[in-house]
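To start, the structure itself, in C-alpha cells.
What you are looking at is a predicted structure, and each value in this text was computed from that prediction instead of being measured.
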Amino acid sequence: LKILSLNRNQIKYIPDFNNLPILKILELYDNQIKILPNFTNLRVLKYLCLSYNRIKIIPNFNNLPMLKELELYNNQIKILTNLTNLLILESLNLSNNQIEIIHGFNLPMLKRLWLDNNQIKILSNFTNLSMLEYLCLNNNQIETIPNFINSPMLKTLYLNDNQIKIMPDFINLLVLEYINLNNNQIEIISNFINLPVLGSLHLSNNRIKYMPDFNLPMLKYLWLDNQIKILSNFTNLPILKLLYLNNNQIEIIPDFINSP
C-alpha cells in the first residue's frame with residue numbers, strides 16, 4: 001500500500017502504521033485525533049496531512065526522513081517544537097493553530113511556510129531557512145520582525161494584520177516579489193534597499209504620514225491608504241501601473257514624473 005486516505009471520519013486514535021513500510025501518502029484530514037504516534041516505520045512517507053484535528057503537541061518526526069510535505073493546519077498547537085530533523089521537508093502548513101512560541105527550525109530545504117492565524121508575538125529562530133521562498137505570517141500579534149537576511153530566496157512575504165510598528169530594512173532580498181504589510185501600526189516607512197524585482201507592495205491601513213522616495217524599478221502595484229499628507233514624485237517607479245492612495249489627507253497632487 002502506497003496511498004492511504006482516511007479523511008473526514010471520526011478517528012480518535014491512530015496506530016504507528018508499522019505494517020505499511022512503503023506508504024508514501026497518508027491523509028487523516030478532519031478527524032478527532034488528539035495524540036500522534038511517532039510513525040517509527042514510515043521511512044518513505046512523503047506527504048502527511050493531519051489538518052482539522054485536535055492535536056496539541058507535535059511529536060518527534062525523526063523517523064520520517066523522506067517527508068516533503070506536512071500539513072497541520074486547524075489544530076490546537078501552542079508550542080512549535082520537534083521540527084528540527086526533517087531535512088528534506090519543502091512545505092509546512094501550521095495555519096490556524098494557537099501557536100505562541102517558536103522553538104527553532106532546522107529545515108534546510110523548506111520552501112513554503114504557513115504560520116498565519118496564530119498568536120505569535122515574537123519572531124525568532126528563522127536562521128536555518130535558507131531555501132525559503134514563501135512565508136505567510138498574517139493575522140498574528142507580531143510587533144517586531146527580523147530582516148530575513150538568512151532567507152535570500154524569499155519571494156513572497158505576508159505580514160499583514162499584525163501589530164508591527166517598526167519596519168525592518170528589507171536589504172538584499174534580491175528575488176523578493178511581493179510584500180504585504182497592510183493593517184499594522186507602521187508610522188515610518190524605511191527605505192526598501194536593493195529589492196530589484198519587487199513588483200507588489202501593500203502598506204495600507206497603517207499610520208504612515210510621510211512617504212520616502214521609493215527606488216523600486218520593477219514595482220507595478222502600490223497600496224498606500226494611510227494618513228499621508230505629502231506625496232513624493234514617484235520618480236523612481238518607472239513601470240508603476242496601479243497606485244491606491246484612498247483615505248489619506250492629501251491636499252496637493254504631485255507631477256507623476258516617469259510614471260507612464
Side-chain angles (χ1 to χ4, degrees), residues 1-99 102-118 120 125-126 128-140 151 153-158 178:
L1 187 66
K2 293 184 178 181
I3 299 173
L4 176 58
S5 183
L6 291 160
N7 297 331
R8 296 185 179 91
N9 282 285
Q10 299 180 24
I11 300 167
K12 293 184 178 180
Y13 303 99
I14 56 176
D16 280 337
F17 299 106
N18 285 340
N19 58 338
L20 299 173
I22 63 169
L23 191 67
K24 292 187 176 181
I25 295 175
L26 176 57
E27 296 180 338
L28 288 156
Y29 179 100
D30 197 3
N31 280 283
Q32 300 176 26
I33 301 165
K34 292 183 178 180
I35 299 174
L36 296 175
N38 286 325
F39 302 112
T40 55
N41 200 36
L42 299 180
R43 305 294 293 178
V44 297
L45 191 71
K46 291 186 176 182
Y47 175 83
L48 176 58
C49 181
L50 293 158
S51 298
Y52 282 94
N53 279 285
R54 301 175 185 177
I55 300 164
K56 293 184 178 181
I57 298 174
I58 300 174
N60 192 324
F61 287 121
N62 285 352
N63 296 307
L64 301 176
M66 301 302 292
L67 193 65
K68 287 194 172 183
E69 294 187 49
L70 176 58
E71 298 191 349
L72 284 160
Y73 57 89
N74 286 87
N75 277 286
Q76 299 173 19
I77 300 165
K78 290 188 176 182
I79 298 175
L80 196 51
T81 187
N82 287 328
L83 290 172
T84 57
N85 290 300
L86 297 172
L87 299 181
I88 66 168
L89 191 72
E90 295 182 356
S91 180
L92 175 59
N93 194 329
L94 288 155
S95 298
N96 293 287
N97 277 280
Q98 301 169 22
I99 298 170
I102 301 173
H103 279 311
F105 291 103
N106 183 21
L107 303 170
M109 299 303 293
L110 193 69
K111 294 182 180 179
R112 299 173 297 278
L113 176 58
W114 288 265
L115 283 164
D116 53 287
N117 293 285
N118 280 284
I120 300 168
N125 299 313
F126 276 77
N128 294 314
L129 297 174
S130 60
M131 300 298 290
L132 194 65
E133 297 179 359
Y134 180 101
L135 177 57
C136 192
L137 287 160
N138 55 283
N139 292 92
N140 279 284
S151 298
M153 304 303 291
L154 194 62
K155 292 182 179 180
T156 302
L157 178 59
Y158 285 90
Y178 179 98

Taking side chain as C-beta onward, heavy atoms only, is [X] less than 4.5 Å from [Y]?
X: Leu26; Y: Phe17; result: yes
X: Trp114; Y: Ser91; result: yes
X: Ile3; Y: Lys24; result: no
X: Leu86; Y: Leu83; result: yes
X: Leu87; Y: Pro108; result: yes
X: Leu94; Y: Ile58; result: yes
X: Ile102; Y: Leu115; result: yes

Has the side chain of [X] got a donor or acceptor atom that lies under 3.5 Å from a matching backbone atom of [Y]?
X: Asn82; Y: Ile57; value: no
X: Asn117; Y: Asn96; value: no
X: Thr156; Y: Tyr134; value: no
X: Asp116; Y: Asn139; value: no

Of all the heavy-atom pairs spanning Val44 and Pro21, show the shortest one and how long it is.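 Between these two residues, the closest heavy atoms are CG2-O, 3.5 Å.
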Shortest non-hydrogen separation from Ile99 to Leu80 and the atoms involved: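 Answer, listing the atom of Ile99 first, then Leu80: CG2-CB, 4.3 Å.
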Can Ser51 and Asn74 be counted as having a side-chain donor-acceptor contact under 3.5 angstrom? no
To the closest 0.5 Å, what do you measure between [atom1] ([X]) and [atom2] ([Y])?
X: Leu36; Y: Leu48; atom1: CG; atom2: CG; result: 8.0 Å
X: Glu90; Y: Met131; atom1: CD; atom2: CE; result: 8.5 Å
X: Ile14; Y: Leu50; atom1: CD1; atom2: CG; result: 6.0 Å
X: Cys49; Y: Ile25; atom1: SG; atom2: CD1; result: 11.0 Å
X: Asn75; Y: Ile33; atom1: CG; atom2: CD1; result: 8.5 Å
X: Leu129; Y: Met153; atom1: CG; atom2: CE; result: 13.5 Å

Would you list the atom pairs, donor with acceptor, under 3.5 Å between side chains in residues 59-67 and any protein atom, with sequence neighbours excluded?
unit_1 : atom_1 : unit_2 : atom_2 : d
Asn60  : OD1    : Asn62  : N      : 2.8
Asn60  : OD1    : Asn62  : ND2    : 2.9
Asn62  : OD1    : Asn85  : ND2    : 3.1

More than 12 heavy atoms of other groups within 6.0 Å of Tyr52 OH: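 Incorrect, the count does not exceed 12.
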Is it true that, when you exclude Ile11 itself, more than 12 heavy atoms of the residues, nucleotides or ligands shown sit nearer than 6.0 Å to its CD1? yes
According to the side-chain hydrogen bond (donor to acceptor under 3.5 Å, both in side chains) rule, which pairs have a member within residues 26-44, sequence neighbours left out?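 As it turns out, the side-chain hydrogen bond (donor to acceptor under 3.5 Å, both in side chains) pairs with a partner in residues 26-44, which skip direct neighbours, are Ser5-Glu27, Asn7-Glu27, Asn18-Thr40.
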